[in-house]
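Structure incoming, see below.
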Amino acid sequence: MSEKKINLTVYGAEVKCASCVNAPGSKETFEWLQAAITRKYGENKVSYHYYDLHEENQPGADEQLIDRLLEEELFYPLVLVEGEIVGEGNPRLKSIYQALESRGLEA
């Protein structure tokens with residue numbers, strides 16, 4: 001029996017935003033989330049996607065979200081679970097865990 005994976009998506013950039021000088025970078029945050037979630041919930045339960053704001057033609061990327069990030073309406077790294085924003089700027093692991101668990105993920 002195969003379970004449906006929960007989608008976790010991070011939008012970010014190589015260059016840190018001006019207000020994020022002391023925070024980890026987007027790619028570091030993405031890798032940290034993968035490690036933390038795998039440690040707590042195990043492997044193969046979450047599908048991870050990372051999109052760089054400055055790369056073009058990324059299959060699956062939400063261009064409207066990227067535009068909002070580039071126009072500074074939202075802060076990056078932006079974390080989504082199943083398309084719902086659950087963290088931005090300096091995302092909190094607790095709120096991401098809550099979003100995953102509300103979609104049926106168990107430790």
Side-chain angles (χ1 to χ4, degrees):
M1 171 175 16
S2 71
E3 294 179 28
K4 181 182 176 287
K5 289 186 179 184
I6 296 171
N7 289 314
L8 183 135
T9 306
V10 175
Y11 287 86
E14 290 291 320
V15 179
K16 293 181 184 180
C17 64
S19 63
C20 306
V21 174
N22 294 321
S26 298
K27 195 70 168 173
E28 295 164 318
T29 298
F30 177 69
E31 292 166 355
W32 167 72
L33 286 171
Q34 278 184 293
I37 292 167
T38 299
R39 225 178 1 260
K40 182 166 181 159
Y41 301 104
E43 292 185 30
N44 302 321
K45 295 182 180 181
V46 177
S47 177
Y48 301 93
H49 307 278
Y50 178 83
Y51 299 107
D52 190 297
L53 304 179
H54 304 293
E55 255 183 65
E56 292 187 20
N57 302 321
Q58 299 175 88
D62 183 328
E63 295 299 326
Q64 290 179 331
L65 267 181
I66 290 175
D67 289 343
R68 290 179 66 194
L69 285 158
L70 291 172
E71 292 170 9
E72 298 181 359
E73 289 178 32
L74 298 168
F75 296 104
Y76 61 88
L78 183 71
V79 181
L80 292 88
V81 172
E82 292 293 328
E84 176 189 342
I85 297 172
V86 296
E88 71 178 294
N90 190 7
R92 301 284 173 228
L93 199 50
K94 184 176 181 179
S95 61
I96 294 166
Y97 284 164
Q98 287 173 338
L100 292 169
E101 289 171 3
S102 74
R103 286 162 178 82
L105 195 61
E106 297 176 354

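Please read these numbers as outputs of a predicted model, since none were measured by experiment.
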> Do I37 and L8 pass the side-chain contact (heavy atoms from CB on, under 4.5 Å) test, and can you show the C-alpha distance, the side-chain angles, and the key distance before you say yes or no?
Replying inline: CA-CA 10 Å; I37 292 167; L8 183 135; 3.7 Å; yes
>> Using modelled atom types and a 3.5 Å cut-off, is there a donor and acceptor pairing between side-chain atoms of E106 and backbone atoms of Y41?
In response: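 Absent.
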> With side chains defined as the heavy atoms from C-beta onward, is the minimum distance between K5 and V46 less than 4.5 Å?
Replying inline: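 They are not in side-chain contact.
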> Out of curiosity, R103 CZ to Q98 CD, how far, rounded to the nearest 0.5 Å?
Replying inline: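 Output value for this atom pair is 11.5 Å.
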> Looking only at atom types and distance, does a side-chain atom of E82 sit under 3.5 Å from a main-chain N or O of N7, one as donor and one as acceptor?
Replying inline: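 Present.
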> Is it the case that one hydrophobic cluster holds both I6 and L80, taking links as side-chain heavy atoms less than 4.5 Å apart, direct or via other members?
Replying inline: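 Result: no, two separate clusters.
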>> So, taking the atom named CD1 in I85 and the one named CG in L74, what distance separates them when rounded to the nearest 0.5 Å?
In response: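 Reported value, rounded in 0.5 Å steps: 5.0 Å.
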>> Could you measure the distance from the CG atom of L53 to the CD atom of E14? Nearest 0.5 Å is fine.
In response: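 Between L53 CG and E14 CD, I get 10.5 Å after rounding to 0.5 Å.
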>> Ignoring hydrogens, what is the shortest heavy-atom contact between P91 and G87? Give both atom names and the distance.
In response: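 In this case the closest contact between P91 and G87 is CB-CA, 4.1 Å.
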>> Using only atom types and a distance under 3.5 Å, with no angle test, would you say the side chain of E88 pairs donor to acceptor with the backbone of F75?
In response: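 Such a contact is found between E88 side chain and F75 backbone.
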> Is there a path of hydrophobic side-chain contacts, each under 4.5 Å between heavy atoms of I, L, V, M, F, W or Y residues, that connects L100 with Y50?
Replying inline: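 Yes; tracing contacts between hydrophobic side chains, which count when under 4.5 Å, links both residues.
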> Counting N and O atoms only, with roles assigned by atom type, does the side chain of S95 sit under 3.5 Å from a partner on the main chain of V86, one being a donor and the other an acceptor?
Replying inline: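 Yes: the side chain of S95 pairs with the backbone of V86.
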> With a 4.5 Å heavy-atom cut-off, do L78 and T9 have their side chains touching?
Replying inline: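 Side chain of L78 against side chain of T9, heavy atoms only: no contact under 4.5 Å found.
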> Same cluster or not: are Y51 and W32 linked, directly or through other Ile, Leu, Val, Met, Phe, Trp or Tyr residues, by side-chain heavy atoms under 4.5 angstrom apart?
Replying inline: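 In one cluster with Y51: W32, no.
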> Looking only at atom types and distance, does a side-chain atom of T38 sit under 3.5 Å from a main-chain N or O of E43, one as donor and one as acceptor?
Replying inline: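 Not at all, since once roles are kept as given, no pair shorter than 3.5 Å links the two residues.
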> Sequence neighbours excluded, which residues qualify as salt bridge (Lys or Arg N to Asp or Glu O under 4.0 Å) partners of E73?
Replying inline: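 R68.
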>> Return the CD to CD1 distance between E56 and I66, rounded to the nearest 0.5 Å.
In response: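 Result: 10.0 Å between the selected atoms.
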>> Looking at every non-hydrogen atom in both residues, tell me the closest pair between L105 and K45 and how far apart they are.
In response: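 Reported closest heavy-atom pair: CD1-CB, 3.5 Å.
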> If every non-hydrogen atom of S26 is compared with every non-hydrogen atom of G12, which pair is closest and at what distance?
Replying inline: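 In this case the closest contact between S26 and G12 is OG-CA, 3.3 Å.
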> CD of E63 to CG of L70: how many Å apart, nearest 0.5 Å?
Replying inline: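 Going from CD on E63 over to CG on L70, the span is 9.5 Å.
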> Considering all heavy atoms of both residues, which atom of S102 and which atom of A99 are nearest to each other, and what is their separation?
Replying inline: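 That closest heavy-atom pairing would be OG-O, 2.9 Å.
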> CD of Q34 to CD of E31: how many Å apart, nearest 0.5 Å?
Replying inline: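 Rounded to the nearest 0.5 Å, the CD-CD separation comes to 7.0 Å.
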> Does CD belonging to E101 count more than 12 external heavy atoms closer than 6.0 Å?
Replying inline: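 Correct, the count exceeds 12.
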>> Between Y48 and V10, does the side-chain contact (heavy atoms from CB on, under 4.5 Å) criterion hold? Intermediate values first, please.
In response: CA-CA 8 Å; Y48 301 93; V10 175; over 6 Å; no
>> If you define the side chain from C-beta out and look only at heavy atoms, does anything of Y76 sit under 4.5 Å from Y11?
In response: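 No. Closest side-chain heavy atoms not under 4.5 Å.
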